[in-house]
Amino acid sequence: AGVTYGIMLGSIDRWMDRRMNIVCPMGQRILLKAAAYTAALALILTGTMALHEAVFADMFRRMGIEMNFRTRLSWVAIITLYTTVGNLLVSFIKQVNRTFGPGVLLPLLLGRYRTPIEEKRIFMFMDLRASTTYAEELGHLRYSAMVRDLFSDVNGVVPKHDAEIYQYVGDEVVFTWSIPDGLHARNCIHLYFAIQDAIAARADDYRRKYGLVPAFKAGMHVGDVTAVEIGEIKREIAYHGDTVNTAARIQGVSNEFGHEFLVSSDVIDLLKDQGLGPFRTEAVGSVLLKGKKSNVTIHWV
C-alpha cells in the first residue's frame with residue numbers, strides 16, 4: 001500500500017505540475033494537490049479494506065478479533081486526518097521549495113550561510129536581446145506575458161542541467177552552478193543551447209501570440225565568490241564578488257562583439273580537461289571590462 005501510494009503521489013505531482021497554468025496561485029496549487037493526495041488515499045484505504053476482508057478477516061475472527069462498523073470508521077477517520085495534515089504540510093514545503101528554488105530551502109533552514117562562506121562557482125547572466133524594442137512594439141502587458149512564457153520554457157530546461165536560478169531581474173535571469181554540477185556533462189555550456197532549442201521548438205507559438213521569436217544573449221564567468229544569507233523580511237542567499245560582476249559585464253558586451261554567447265577564458269580553462277565536446281569556441285578579444293583593472297579574454301561559443 002505504501003509503495004502504491006508513493007507512486008500515485010509522484011504521478012499526481014508530475015501531472016498537475018504539467019497541467020496547472022503558471023498563473024495558478026500558490027495557495028490554490030497547495031489545496032488542489034492536497035485534495036488529490038487525499039483522493040488517492042481513499043482509493044488505497046478502499047483497497048486495503050477489501051484485501052482485509054478477502055484475506056485476513058477470517059483469521060482475525062478465529063482469534064476473537066473482528067472489525068465492526070465503528071472500528072472501521074474510526075480507523076479510516078484517523079488515518080485520513082493524519083494523512084491529510086501530512087499531505088498539506090508536504091505540499092506546502094514543496095511549493096515553498098519551488099518558490100526559493102531547488103537547493104536553497106535546506107541551506108536556509110540549516111543556517112549554512114548565516115556567516116559568509118567562500119565558494120568557487122560558475123555564473124551565467126542571460127538577458128533578452130532587443131528587449132527595449134520588444135517592449136515598445138508589444139506594450140507592457142503583452143511584453144510581460146511574453147517574458148512569463150519565456151521563463152516558463154526556461155524553467156522546463158533548467159533541472160536537466162543541474163543549474164540553480166539565482167535571480168530574475170526584469171527580463172534577465174542569472175544561473176549558477178557549483179563546479180562539479182557545472183562541469184558534469186558540460187552542463188554550464190549545454191544549458192544555454194538547450195534553452196535556445198526550447199524556444200525554437202515553440203517558435204510558431206511565439207509568432208502567433210507576439211509576432212516575434214525572442215532570443216537571449218549570455219555571458220559566463222567562473223571564480224571565487226562569498227555566499228551569505230541576507231534579509232529579514234525576505235531571505236535569500238546572496239553571492240558577492242568580482243566573479244558575479246565579471247559575468248554580468250561579459251554579457252553586457254555581447255552586442256559589441258556580435259555574438260550571443262560569450263564566456264571568459266577561465267571557463268574555457270575549467271572545461272579543458274574533459275574537452276568541449278560538440279562545442280566550438282573562438283577567442284574574440286581581450287577587453288577591459290567596466291570596473292576591471294586588467295583585461296579579460298573573452299571567447300565566443
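Keep in mind it's a predicted model, so treat the numbers as computed, not measured.
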J.: Can you list every side-chain hydrogen bond (donor to acceptor under 3.5 Å, both in side chains) pair that touches residues 264-275, not counting sequence neighbours?
T.: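 Pairs touching residues 264-275 that pass the test: His221-Ser264, Asp269-Lys272.
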J.: Heavy atoms, side chains only, cut-off 4.5 Å: are Leu43 and Met8 in contact?
T.: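 The answer is yes; the side chains approach within 4.5 Å.
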J.: Rest of the hydrophobic cluster containing Val228 (Ile/Leu/Val/Met/Phe/Trp/Tyr, side-chain heavy atoms under 4.5 Å)?
T.: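 Members alongside Val228: Ile230.
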J.: With a sphere of 6.0 Å drawn around CE of Met63, does it hold more than 12 non-hydrogen atoms of other residues, nucleotides or ligands?
T.: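 Count not over threshold, so no.
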J.: Given the side-chain rings of Tyr192 and Phe261, with only the six-membered ring counted for Trp, is the space between their centroids under 6.0 Å?
T.: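 When the ring centroids of Tyr192 and Phe261 are compared, they turn out to be within the sub-6.0 Å range.
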J.: How long is the straight-line distance from CG of Leu81 back to CD1 of Ile79, given to the nearest 0.5 Å?
T.: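 With rounding to 0.5 Å, CD1 (Ile79) is 11.0 Å from CG (Leu81).
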J.: I'd like to know if the side chain of Ser254 and the backbone of Gln251 have a donor-acceptor N/O pair within less than 3.5 Å.
T.: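 Yes, the answer is positive, given that a donor and an acceptor are paired below the 3.5 Å cut-off.
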J.: Side-chain heavy atoms under 4.5 angstrom apart, residues restricted to Ile, Leu, Val, Met, Phe, Trp, Tyr: same cluster for Val169 and Leu191?
T.: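 In one cluster with Val169: Leu191, no.
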J.: Test of understanding: with side chain to side chain donor-acceptor pair (under 3.5 Å), list the residues that count as partners of Trp177, not counting sequence neighbours.
T.: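 Testing Trp177 for side chain to side chain donor-acceptor pair (under 3.5 Å), a comparison that skips the adjacent residues, returns none.
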J.: With a 6.0 Å cut-off (strictly less than), is the heavy-atom count around CG of Leu110, excluding the residue itself, greater than 12?
T.: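 Yes, because the 6.0 Å sphere around CG of Leu110 holds more than 12 heavy atoms from other groups.
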J.: Using 0.5 Å steps for rounding, measure from the CG atom of Asp242 to the CZ atom of Arg249.
T.: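 Asp242 CG to Arg249 CZ: 9.5 Å, rounded to 0.5 Å.
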J.: Do the ring planes of Tyr168 and Phe151 sit parallel (below 30°), tilted (30 to 60°) or perpendicular (above 60°)?
T.: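 Ring orientation, 0 to 90° scale: tilted.
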J.: Going by the rule side chain to side chain donor-acceptor pair (under 3.5 Å), which residues pair with Asp181 if we only count those two or more places apart in sequence or in a different chain?
T.: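 Listed in chain order: Ser178.
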J.: Taking side-chain contact (heavy atoms from CB on, under 4.5 Å) as the test, write out the residues that go with Ala283, two or more places apart.
T.: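 For Ala283, the residues satisfying side-chain contact (heavy atoms from CB on, under 4.5 Å) (neighbours in sequence not counted) are His299.
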J.: Do any N or O atoms from the side chain of Arg202 and from the backbone of Leu150 form a donor-acceptor pair under 3.5 angstrom?
T.: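 Such a contact is absent between Arg202 side chain and Leu150 backbone.
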J.: To the nearest 0.5 Å, tell me how far Glu137 CD sits from Met146 CE.
T.: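 Interatomic distance, Glu137 CD to Met146 CE, rounded to 0.5 Å: 9.5 Å.
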J.: Answer whether the closest heavy-atom distance between the side chains of Phe175 and Val154 falls below 4.5 Å.
T.: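 Sidechains of Val154 and Phe175: in contact.
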J.: Output all residues satisfying side chain to side chain donor-acceptor pair (under 3.5 Å) with Arg61, sequence neighbours left out; order by chain, then residue number.
T.: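 Side chain to side chain donor-acceptor pair (under 3.5 Å) list for Arg61, sorted by chain: Asp58, Glu66.
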J.: Does Tyr82, at its OH atom, have more than 12 non-hydrogen atoms belonging to other residues, nucleotides or ligands within less than 6.0 Å?
T.: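 No, not enclosed.
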J.: Relative to the ring of Tyr166, is the ring of Tyr239 parallel (under 30°), tilted (30 to 60°) or perpendicular (over 60°)?
T.: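 The rings of Tyr239 and Tyr166 stand perpendicular, inter-plane angle above 60°.
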J.: Roughly how far apart are Arg121 CZ and Asp224 CG, rounded to 0.5 Å?
T.: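 Between atom CZ of Arg121 and atom CG of Asp224 there are 12.0 Å.
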J.: For atom NE2 of His184, decide whether the heavy atoms of other residues, nucleotides or ligands shown that lie under 6.0 angstrom number more than 12.
T.: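 It does not: His184 NE2 has 12 such atoms or fewer within range.
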J.: Apply side-chain hydrogen bond (donor to acceptor under 3.5 Å, both in side chains) to the pair Glu172 and Gln167, showing each step before the final yes or no.
T.: CA-CA 8 Å; Glu172 181 180 69; Gln167 286 179 336; over 6 Å; no
J.: Whether the Ser152 and Asp149 side chains hold a donor-acceptor pair (N or O, under 3.5 Å, no angle test) is what I'd like checked.
T.: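 No - no donor-acceptor pair under 3.5 Å links their side chains.
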J.: For the residue pair Arg207 and Tyr210, would you count it as a cation-pi contact if the rule is NZ or CZ under 6.0 angstrom from the ring centre and within 45 degrees of the ring axis?
T.: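 Relative to the ring axis of Tyr210, which defines the angle, Arg207 lies outside at least one limit.
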J.: Find the distance between CD1 (Ile44) and CG (Leu51) and round it off to the nearest 0.5 Å.
T.: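 Rounded to the nearest 0.5 Å, the CD1-CG separation comes out at 11.0 Å.
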